**Student:** 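Following this message is one structure expressed as structure tokens.
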Amino acid sequence: MRHDILTRGLTELESRIVSEHFNYLKLLAEDGVVILAGRTQNTDYSSFGIVLLKAETMEVAREIMLNDPAVKNKMFRAELFPYKTSLFNPDNAK
């Protein structure tokens with residue numbers, strides 16, 4: 001994420017792209033692909049977001065990531081990391 005948008009605010013175009021990004025992730029969540037999505041609350045250069053998603057292969061995951069409107073429009077930088085859950089308590093997620 002470009003930290004300058006967190007300190008100066010969004011232009012009209014950037015606001016539209018962020019809205020498209022949110023709607024993209026929301027649809028993926030409704031389809032059972034996105035497990036969790038969010039961002040840190042700091043507004044400096046260290047701010048970042050995380051999206052946990054289910055995908056059959058790394059290629060599918062990469063395609064999902066690269067099709068995110070904020071990534072396609074170079075507002076957010078994205079990196080893909082394989083992840084395996086070791087512990088999870090669904091009661092703690094409420």
Side-chain angles (χ1 to χ4, degrees):
M1 176 181 297
R2 290 186 6 229
H3 76 280
D4 63 316
I5 64 175
L6 298 175
T7 55
R8 69 165 163 76
L10 299 172
T11 66
E12 186 176 326
L13 174 61
E14 290 167 336
S15 182
R16 181 180 55 79
I17 293 168
V18 169
S19 180
E20 290 172 4
H21 159 75
F22 181 81
N23 289 329
Y24 179 72
L25 294 179
K26 186 177 174 185
L27 285 173
L28 289 172
E30 291 168 0
D31 289 344
V33 175
V34 166
I35 299 165
L36 173 140
R39 74 166 185 87
T40 60
Q41 294 298 293
N42 48 320
T43 58
D44 63 13
Y45 70 93
S46 66
S47 181
F48 64 92
I50 293 176
V51 177
L52 295 179
L53 57 92
K54 288 191 303 184
E56 293 295 320
T57 65
M58 286 292 286
E59 291 76 23
V60 170
R62 188 175 319 284
E63 183 178 331
I64 292 167
M65 177 184 74
L66 294 176
N67 280 316
D68 183 307
V71 175
K72 285 169 61 170
N73 286 285
K74 298 186 182 356
M75 278 191 64
F76 298 169
R77 182 179 57 86
E79 294 182 54
L80 184 61
F81 298 94
Y83 182 84
K84 180 180 178 186
T85 302
S86 297
L87 296 171
F88 177 71
N89 183 337
D91 293 334
N92 291 343
K94 294 179 184 174

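Heavy-atom basis, side chains included; hydrogens, waters and symmetry copies ignored. Keep in mind the model is a prediction, meaning the values are calculated, not measured.
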**Student:** Do Arg16 and Glu12 sit within salt-bridge range, that is, some charged N less than 4.0 Å from a carboxylate O?
**Tutor:** no

**Student:** Taking Ile64's backbone N and O only, do any of them form a donor-acceptor pair with Tyr24's side chain (distance below 3.5 Å, no angle check)?
**Tutor:** yes

**Student:** Could you measure the distance from the CD atom of Glu79 to the CZ atom of Arg62? Nearest 0.5 Å is fine.
**Tutor:** 10.5 Å

**Student:** Roughly how far, to the nearest 0.5 Å, is OG1 of Thr11 from CD1 of Ile17?
**Tutor:** 7.0 Å

**Student:** Should Leu52 and Phe48 be counted in the same cluster of Ile, Leu, Val, Met, Phe, Trp and Tyr side chains packed under 4.5 Å apart?
**Tutor:** yes

**Student:** Any link between Leu10 and Leu13 through a network of hydrophobic side chains (Ile, Leu, Val, Met, Phe, Trp, Tyr) touching at under 4.5 Å?
**Tutor:** yes

**Student:** Roughly how far, to the nearest 0.5 Å, is CG of Leu80 from CG of Leu53?
**Tutor:** 7.5 Å

**Student:** State whether the side chain of Asp68 and the backbone N or O of Ala70 hold a donor-acceptor pair below 3.5 Å, judged by distance alone.
**Tutor:** yes

**Student:** May I ask whether Val71 and Leu25 are part of the same hydrophobic cluster, defined by side-chain heavy atoms of I, L, V, M, F, W, Y residues being less than 4.5 angstrom apart, directly or through others?
**Tutor:** no

**Student:** Measuring from Leu28:CG to Asn23:CG, what's the distance to the nearest 0.5 Å?
**Tutor:** 11.0 Å

**Student:** Could you check whether any side-chain N or O of Asn73 sits under 3.5 Å from a backbone N or O of Met75, counting only pairs where one atom can act as donor and the other as acceptor?
**Tutor:** no

**Student:** In Å and rounded to the nearest 0.5 Å, what is the CE to CE distance from Met58 to Met65?
**Tutor:** 8.0 Å

**Student:** Which residue is it: Val34, Leu36, Ile35? I am looking for the one with a side chain to side chain contact (heavy atoms under 4.5 Å, CB included) to Val51.
**Tutor:** Val34

**Student:** Verify, without hydrogens or angle tests, whether Asn42 (side chain) and Asp44 (backbone) share a donor-acceptor contact under 3.5 angstrom.
**Tutor:** no

